[in-house]
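First the structure, in the form of structure tokens, and then the observations on it.
Labels below follow one simple rule: chain letters A, B, ... track the order of the sequence lines, proteins then strands, and each chain is numbered from 1. What you are looking at is a predicted structure, and each value in this text was computed from that prediction instead of being measured.
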Amino acid sequence: MAQSQPYRYEPTATAGGLQAEHGGLEPGTETGERVTVAGRLMLRRVQGKLAFGTLQDSTGRIQLFARAAETPEFDAFCALSLGDWIGVTGQVMTTKRGELSVAVEAWCLLAETRRQFPDKWHGITDTDTRFRQRYVDLWVSDDEAAALRARSRIISLIRRWLEDRDFVEVETPTFHPIPGGATAKPFVTHHNALDMDLFLRIAPELYLKRLVVGGFERVFEIGRVYRNEGLSPRHNPEFTMLELYQAYADYTDMMSITEELVAHLAQEIRGTTVFEYEGRTLDLSVPWRRASMSDLIEEHAGVRVDLGTPIDELRRICEAHGVHIESGWGPGKLVLELYEKTTESNLWGPVFVTDYPKEVSPLARDHRELPGMVERFEPIVAGRELGNAFTELTDPDEQRARMEAQAAQKAAGDDEAMVVDDDYLRALEYGLPPTGGLGIGIDRLVMLLTGVSTIRDVILFPTLRPEQ
RNA sequence: GCGCCUCUAGCUCAAUGGCAGAGCAACGGACUCUUAAUCCGCAGGUUCUGGGUUCGAAUCCCAGGGGGCGCACCA
């Protein structure tokens, strides 16, 4: 071949671009346009002094048409391995059968594959191999690659949408001396020079609210958080959260942002806000239903409970519905557990589940009308929590009392409970304006918008045990 | 962490106690319009690992490993 494995190569066209530009040409057309394309050779059909190849790049596939008379080193071209990276220069044309092709007038090997590519028709079905060797899977699983590329686009769209509304993107620490902002078990690591343990963050929440204190009136972060919990089709130990905070706003504003943002993303990614997911119709059109947790429990469990329900009665109802009860749980925790057991996974949604017990919401502000409740909601779509939001608790004394109550629970053995963060409380003492906050799980959002059912299909390299 | 399922050639899969096989890929050959090209030929194995039962184990049993799903925990 003319040149092997060059240091640099300069494609002038892509497979997808050529298909878009020259689709529908008559069979036997010679456009006279010369292009250079590059990618992997994925299929090959050699027919004596004529060879056809299928080149795949990040935009799609294009046929290569090689005639022995005009293709340099024709035999070597025919001997390429499926999976080899090649570059090809030639005229854009269509074959007698009408297939858009690039005639191979010059070509070079950009990189060889020393390992055999998977079956060209079946691809890889073994999930283990797919996750471990994503670099191969991406070439042979088109739907998979599409979902992972859509993820990038979704995150880009979110950034643009928020920036258009004057939100400022920040990066806050992922090493936390005190884990906070959520109730979850953290990962612990150690800093040698400082000789101190650090926690990988379970949420950026407390730092972002510090920034609102600092004058970032609309702020957001899209970043990785880490929770030391089990794996499942909906859980990966590291996942990506969007958190945003808006000064002067409350949780109703967060509902508007949630439904408008998600509907916008659906429109951009799927071209519609109404589509099928897991065999059922999902309508993400604005506005979404809003319903209180108590009303929804009544709909799905057939019982009316609230914080005024006598505790013994509440325990009896929970047990009757199979909730595993621990001593120390107050009415708020019991109501939440009953909701999660009987109602949440049955909510198709989208629906904003509103009004959570204060007992289970240490960072949310007291409900302005309902005693014992806070102004909090979770958007539920397809039976899954898509996020969590509230009117933020701004009062430092109240916040200290809630953190101390959490710390007491932690001392009593609840390793997911929060601890007191004195610096955060000091920040509140300088004054946090009325603020609405929203967190959205990006991975689950991408699952929804791309139609996949397992979180590992939207994470490029999901957490796995080492191979051996 | 517990339960159930699963692991055979590079990939996709057969073989259900009796000689480990096929398709694609690879390798050799034929072929000037193919589309998962076709045709001929030829190779390819620690059946996840280690024990056990048996005349004989991919297959049955035990232990371990990877993965999937469910439960638990959570978003």
Side-chain angles (χ1 to χ4, degrees), chain A residues 27-28 41-54 61-71 74 78-83 93-101 103 113-133 136-137 139-141 181-186 202-203 225-243 322-324 326 336-337 340-341 344-345 378-381 383-389 414-416 439-445 447 453-456 462-468:
Chain A
L41 183 69
M42 297 304 284
L43 296 170
R44 181 186 45 209
R45 301 170 289 281
V46 177
Q47 189 154 345
K49 301 254 182 299
L50 196 59
F52 303 86
T54 300
R61 293 180 166 199
I62 185 79
Q63 178 164 275
L64 305 176
F65 178 75
R67 267 186 290 239
E70 64 188 33
T71 299
F74 179 77
C78 293
L80 286 167
S81 294
L82 298 188
M93 41 80 72
T94 56
T95 60
K96 286 180 186 170
R97 296 288 178 87
E99 180 78 17
L100 184 67
S101 308
T113 177
R114 297 187 185 183
R115 291 176 182 264
Q116 291 185 39
F117 255 56
D119 186 288
K120 60 191 175 189
W121 185 245
H122 297 99
I124 306 175
T125 58
D126 182 56
T127 49
D128 191 10
T129 308
R130 285 182 44 227
F131 301 150
R132 289 188 199 283
Q133 301 185 36
V136 180
D137 185 44
W139 286 98
V140 298
S141 302
T183 51
K185 274 173 270 188
I202 54 176
V225 299
Y226 309 86
R227 298 188 183 178
N228 205 340
E229 280 145 9
L231 288 70
S232 87
R234 290 160 293 283
H235 299 87
N236 197 62
E238 51 177 318
F239 62 102
T240 301
M241 284 263 286
L242 161 67
E243 281 201 13
V323 176
H324 170 71
E326 291 179 19
L336 179 69
E337 291 291 326
E340 289 184 347
K341 185 81 179 183
E344 185 175 277
S345 61
E378 288 190 354
I380 305 294
V381 185
R384 295 174 197 147
E385 296 165 41
L386 199 59
N388 190 15
D414 181 353
D415 52 8
E416 291 180 2
I440 290 180
I442 294 295
D443 310 86
R444 290 188 180 174
L445 180 61
M447 287 167 67
S453 295
T454 161
I455 197 167
R456 298 183 192 92
T463 304
L464 295 173
R465 284 191 165 88
E467 204 165 346
Q468 187 58 39

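Using a 4.0 Å heavy-atom cutoff across all strands shown, A:Arg384 reaches no nucleic acid atom at all. A:Val46 comes within 4.0 angstrom of a nucleotide base, judged by non-hydrogen atoms across all strands. Note on A:Pro233: only backbone sugar-phosphate atoms sit closer than 4.0 angstrom, heavy atoms only; bases stay farther off. If you check every strand for non-hydrogen atoms under 4.0 Å, A:Gly83 touches nothing. If you check every strand for non-hydrogen atoms under 4.0 Å, A:Asp414 touches nothing.
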Extract from the structure each pairing of a protein N or O with an N or O of nucleotides 22-24 of chain B at less than 3.5 Å, listing the distance.
| residue | atom | partner | partner atom | Å |
| --- | --- | --- | --- | --- |
| B:G23 | N2 | A:Asp119 | OD2 | 2.8 |
| B:C24 | O3' | A:Lys120 | NZ | 3.4 |
| B:C24 | O2 | A:Asp119 | OD2 | 3.4 |

Anything under 3.5 Å between a protein N or O and an N or O of nucleotides 13-15 of chain B, put it in a table, one pair a line.
| residue | atom | partner | partner atom | Å |
| --- | --- | --- | --- | --- |
| B:C13 | OP2 | A:Thr125 | OG1 | 3.4 |

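Between A:Asn388 and A:Pro379, the closest heavy-atom pair is N-CD, 3.9 Å.
From A:His324, atom NE2 reaches atom NZ of A:Lys341 across 10.5 Å, with rounding to the nearest 0.5 Å.
Stacking between A:Phe117 and B:A25 is absent: the ring centroid is not both under 5.5 Å from the six-membered base ring centre and under 30° in plane angle.
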Requested in this report: Report the C-alpha separation of A:Arg130 and A:Asp126 in whole Å, then their side-chain angles, then the decisive distance to 0.1 Å, and conclude whether the salt bridge (Lys or Arg N to Asp or Glu O under 4.0 Å) test is met.
Outcome: CA-CA 6 Å; A:Arg130 285 182 44 227; A:Asp126 182 56; over 6 Å; no
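Of the two residues near RNA chain B, A:Thr94 and A:Lys185, the one whose nearest nucleotide lies more 5' is A:Thr94.
Counting only N and O atoms by type, the side chains of A:Arg45 and A:Gln63 include a donor and acceptor under 3.5 Å apart.
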